[in-house]
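Just so we're clear, the structure is a prediction, and the values are computed from it rather than from any experiment.
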Amino acid sequence: DSLLKLTDASGNLLAINDDYEDPGTGLNTHHADSYLKVELPSDGTYYVHVGDTTFKGGEEYAYRLRISAPRPDFELRVVPSAVAIRSEAARAVDVYAIRRDGFDGDIRLGLNNPPEGFSSSTPTLSGGDEMVRLALRTERTDSEGPVALTVEGRATIDGEEVVREAVPAEDRMQAFLWRHLVPVGSLKVRVFDPSYEPEPERVAPPVPEEMLAAARKAAEEAGQPRFTQRQVVGRLRQLDFLYENWLLTDEFYHEKVAECRVAEDDD
């Protein structure tokens, strides 16, 4: 658990850091690495002290120290890692920037070489922004399976264009307190047709006439419809779903459907 201190030649403390939180380390909750970014007040001699907050050391302990001018850079995370988009519609994902060594430049986002029928908005993470929404669009009606997309960000650093691919991730909470951007393999998109209905595996035969007659007689004796039109629609939908999933017998299904059909006729 490293500890960094910066002092001048007289031993005066100028900066100190124990734990530096790095949002790019997934589920890590112990950010034990140290980091200092300091503008030196004047020319002269300065000392960097490397210690350990647990007061341990020896040949089996190793520390890697970098002393340099800042190396501005960035990483990207796109959340969630899997999305479903309705036919010829759009769906937004969140893109997070993990800025390194004080980088505060603009990051221009978009898709890298998207498959046919896919496109996106082109938002910009401006200044110190950490998150922006990017809209994924499709002209397809159905993707017939998941499609891999790649989000990338472009920025100008020290006069050169830098391109970084966004790592797909999931936003996860730990212990009701910490939130983590956990990397996942790839960004997958599935396009679906909301009007599509698969053919049922079990189709009910027509309701027997004797059951309809019995239901009609019961309704006449009651003197009023048993269900409203809205109730009929809902009950028929539920009965069909239960029957198709083998949760109702033919006799029970026919009996209940007959009650609904009679209510429809009366209405």
Side-chain angles (χ1 to χ4, degrees), residues 78-94 114-121 133-149 168-177 179-182 184-267:
V78 55
V79 178
S81 63
V83 296
I85 307 178
R86 296 166 64 97
S87 301
E88 301 176 343
R91 169 75 184 273
V93 293
D94 296 333
E116 183 179 356
F118 289 94
S119 61
S120 76
S121 60
R133 290 207 145 188
L134 178 142
L136 301 176
R137 303 189 183 99
T138 182
E139 298 175 359
R140 299 189 184 185
T141 56
D142 190 337
S143 61
E144 299 181 355
V147 178
L149 299 181
E170 293 296 331
D171 186 351
R172 292 289 181 261
M173 176 178 283
Q174 185 178 35
F176 305 100
L177 178 60
R179 301 202 72 90
H180 307 277
L181 298 178
V182 184
V184 182
S186 59
L187 173 61
K188 294 294 180 66
V189 175
R190 177 68 184 261
V191 181
F192 69 97
D193 182 355
S195 64
Y196 171 75
E197 292 185 5
E199 291 294 331
E201 296 182 2
R202 187 187 185 203
V203 180
V207 180
E209 284 298 327
E210 59 269 21
M211 282 195 171
L212 286 172
R216 190 173 295 108
K217 181 179 179 181
E220 291 173 354
E221 292 176 353
Q224 60 181 7
R226 187 169 181 179
F227 307 112
T228 66
Q229 183 64 32
R230 177 176 295 182
Q231 289 173 326
V232 166
V233 173
R235 287 176 67 86
L236 287 175
R237 185 184 301 114
Q238 292 176 346
L239 288 167
D240 287 342
F241 174 81
L242 294 173
Y243 184 85
E244 290 167 10
N245 286 276
W246 301 88
L247 297 174
L248 301 179
T249 64
D250 285 3
E251 183 178 1
F252 184 87
Y253 173 81
H254 287 151
E255 178 184 343
K256 299 304 177 184
V257 169
E259 294 175 352
C260 294
R261 296 304 182 200
V262 170
E264 281 183 324
D265 295 342
D266 292 342
D267 191 65

Sequence neighbours excluded and cut-off under 3.5 Å, please list the side-chain donor-acceptor pairs for residues 186-195, or say none.
unit_1: Asp193; atom_1: OD1; unit_2: Ser195; atom_2: N; d: 3.0
unit_1: Asp193; atom_1: OD1; unit_2: Ser195; atom_2: OG; d: 2.7
unit_1: Asp193; atom_1: OD2; unit_2: Ser195; atom_2: OG; d: 3.3

Any residue meeting salt bridge (Lys or Arg N to Asp or Glu O under 4.0 Å) with Arg202, in chain and number order, not counting sequence neighbours: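 Per chain and number, Arg202 pairs via salt bridge (Lys or Arg N to Asp or Glu O under 4.0 Å) with Asp250.
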Salt bridge (Lys or Arg N to Asp or Glu O under 4.0 Å) against Glu139, all qualifying residues, sequence neighbours excluded: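 Glu139: no salt bridge (Lys or Arg N to Asp or Glu O under 4.0 Å) contacts found.
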Those residues that, when tested against Tyr243, pass ring pair (Phe, Tyr, Trp, His ring centres under 6.0 Å) (two or more places apart):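 Residues passing ring pair (Phe, Tyr, Trp, His ring centres under 6.0 Å) with Tyr243: Tyr253.
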Stepwise side chain to side chain contact (heavy atoms under 4.5 Å, CB included) check, Tyr196 with Asp142: CA-CA 10 Å; Tyr196 171 75; Asp142 190 337; 6.0 Å; no
Over 12 non-hydrogen atoms of neighbours within 6.0 angstrom of CD in Glu210: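 Enclosed.
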Is the side chain of [X] donor-acceptor paired with the backbone N or O of [Y] at a distance under 3.5 Å, no angle test?
X      : Y      : result
His254 : Ala204 : no
Glu170 : Ser81  : yes
Ser121 : Ala135 : yes

Any residue meeting side-chain hydrogen bond (donor to acceptor under 3.5 Å, both in side chains) with Ser143, in chain and number order, not counting sequence neighbours: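 Ser143: no side-chain hydrogen bond (donor to acceptor under 3.5 Å, both in side chains) contacts found.
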List the atom pairs, donor and acceptor, that lie under 3.5 Å between side-chain atoms in residues 231-239 and the rest of the protein, sequence neighbours left out.
unit_1: Gln231; atom_1: OE1; unit_2: Thr228; atom_2: N; d: 2.9
unit_1: Gln231; atom_1: OE1; unit_2: Thr228; atom_2: OG1; d: 3.4

Rounded distance [0.5 Å steps], CD in Glu201 versus CG in Asn245: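 Spacing of CD (Glu201) from CG (Asn245) equals 8.5 Å.
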4.5 Å side-chain heavy-atom contact, Met211 and Glu251: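 The answer is yes; the side chains approach within 4.5 Å.
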